[in-house]
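Notes follow the structure.
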Amino acid sequence: MSLAAVFAAAVGACSAAAQTEVTVLRVQPGDQEEAFYRRVAQDYEAQNPGVKVVFEFIANEAYKSKLPTLLQSDARPDIFYSWGGETLVDQANAGFLADITEQVPAEIKATFPEAALEAYTVDGQLRGLPLYATEVVFWVNTDLTEQAGVDHTAIETWQDFLDAVTVLKEAGVTPIIAGGQDKWPLHFYWSYLALREGGPNVVTTAMSGEEGGFENEAFVEAGAEFQKLAELDPFQPGFMGTTYETASGMFADGKGAFHLMGDWDYLPMRARSTSGEGLSDEQLAIIQFPVVEGPVAEGGDKATLGGINGWAVSHSAEPEAVDFLTFLLNGEHQREIAEKGIFIPIVKGAGEALENPFFQKVAQDIAESSYHQVFLDQFLGASVGATVNDISADLAQGAITPDEAAAQVQEAWDFR
C-alpha cells in the first residue's frame, strides 16, 4: 500500500471514529435530572473524543406511543429508558435488544443488587442496566389536611383514608388530584389494593393461571374498594381530562390534599407548578398506601408498588453505547444523584448519600417491603398493561363493575 493510501486510510479511520454517535432516549425528567445527563454526556465526550452522546427527552405518553415505532426503524436509539417487566421481555423476543452480558465488566455488575440486574435479564441474557427503584406513595399537602382537621399520620387503613376523604370534602378541600386522562395514574389504586388483598404473590400467581388467574377474588375486591373511593367523588373536577403532568403541577399549586404518585415526582411537580417552586418541604409529607382490613393474604400489608427503572440497549447499538452506560451509572454519579435528591439510586452504597427525608423514607419502605411489585401496566406487557389502565379508568368512572374489570384483564392475558 502506498504512503498516500495509508494516509487516506488513517484519515478515513479518524473520520469514522469522530462520527460515532450514541443516542439516548428518555421520558422527560425534571430540569435538574436533565442537566445532570447533559453534563455527564459532556464529560464522557471529553474523555472519549471520538464519541458524541445525544440525549432526547419525550413526554411520558408520547414516549410510550413513539418507542415501538422507533425500535422497528433505522432511527432507533442506542439506549432507551425502560420500566422492565413483560414489555422488556417482548422487546427482547422481538429481537430489538442487544445481549450485553459479556460487554459489562464483572466489577460493574457487582455494584448492582442481584434483583435489580435480574429485572433487566431475559432468558439469562443481560439486556440493559437498572437506574433506580421507585415507590408509589401518597404525597400529602399538610396545609390542606391540617386546615380540614385531618391527621395524615393517623391514616393506616383504607377505611381511614376513605374517612379522611369525606372530612376533606366536608371542609371544602379537594381530596385528591389525579391525572385521569393518561389512565396509568389511576391503575396505582387497583394495583395496590390487589396487592393488599391478595398478598405479594397475587400477580405472579394470576400470570401462571392458578387460583382463578386475574379473576381471583383479590382483584375483584380491589375493584370494589376502588369504587368505594370513586363514589365519594374525591378527585378534582374534570380529572378524566387532566394529564399526569398537569395534575402534578396542580398538586404542587396546592389544589388538592393528596396525590398518589411515585417519589420521582418530588422535583418535577414543582417545576410544573405555576410558580415553578410549588410546595415547600415543610408543606409536604408522604404516607404509604393504606392497608385493608379483614382477612387478607399474608404479606399484603408490607408489599410496595413501584419500579426498578433503567436502560435497555438496542440490538444495533455501538459498543461505545454500553461503555457510556456503565460510565453514566458508576458509583460517583449515583452518589451525586443521591446527594442532589434527584432520585434514589440503585447502585450499592449510593443510597447512603441520600439527604432528602422523603427519599430516605422511600428507601426504607422498599428495604422493609415483603415484595416490590413493578407497575402492572409494564410488568404484564404492553397489551395487558393497556387493559389494566383502561379498566382502572372505567372503575373510577363507574363504567364497569369490579367483576367485569377482572374478567377483562384475564381475557387480555389469555389473548396476549
Run the salt-bridge test on [X] and [Y] with the 4.0 Å N-O cut-off and return the result as yes or no.
{"X": "Glu33", "Y": "Arg26", "value": "yes"}
{"X": "Asp281", "Y": "Arg270", "value": "yes"}
{"X": "Glu61", "Y": "Lys64", "value": "yes"}
{"X": "Arg335", "Y": "Glu339", "value": "no"}

- Exceeds 12 heavy-atom contacts within 6.0 angstrom, atom CG of Asn60: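 More than 12 within 6.0 Å, yes.
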Angle class for the [X]/[Y] ring planes (parallel below 30°, perpendicular above 60°, tilted otherwise)?
{"X": "Phe235", "Y": "Phe239", "result": "tilted"}
{"X": "His333", "Y": "Phe36", "result": "perpendicular"}
{"X": "Tyr63", "Y": "Tyr81", "result": "perpendicular"}
{"X": "Tyr266", "Y": "Phe358", "result": "tilted"}

All N/O donor-acceptor pairs, side-chain side in residues 395-403, below 3.5 Å, sequence neighbours left out:
| residue | atom | partner | partner atom | Å |
| --- | --- | --- | --- | --- |
| Gln397 | NE2 | Ala393 | O | 3.1 |
| Thr401 | OG1 | Glu404 | N | 3.1 |
| Thr401 | OG1 | Glu404 | OE1 | 3.4 |

- Taking side chain as C-beta onward, heavy atoms only, is Phe415 less than 4.5 Å from Ser383?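 No, too far: nothing below the 4.5 Å cut-off.
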- Message: Within the 4.5 Å heavy-atom criterion, are Glu197 and Trp158 side-chain neighbours or not?
- Response: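 The answer is no, as the side chains (C-beta and beyond) never meet within the 4.5 Å cut-off.
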- Criterion side-chain contact (heavy atoms from CB on, under 4.5 Å) on Lys255 and Asn141, from CA distance to verdict: CA-CA 9 Å; Lys255 302 296 186 182; Asn141 180 327; over 6 Å; no
- For Asp90 and Thr87, does a side-chain donor sit closer than 3.5 Å to a side-chain acceptor?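 Thr87 and Asp90 do not have a side-chain donor-acceptor pair below 3.5 Å.
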- Message: I'd like to know if the side chain of Gln147 pairs up with that of Asp143 as donor and acceptor (distance under 3.5 Å, no hydrogens or angles considered).
- Response: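 No donor-acceptor contact under 3.5 Å links the two side chains.
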- Query: Nearest heavy-atom pair of Glu86 and Phe379: which atoms, and what distance?
  - Reply: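 Smallest interatomic distance, heavy atoms only, reads CG-O, 2.8 Å.
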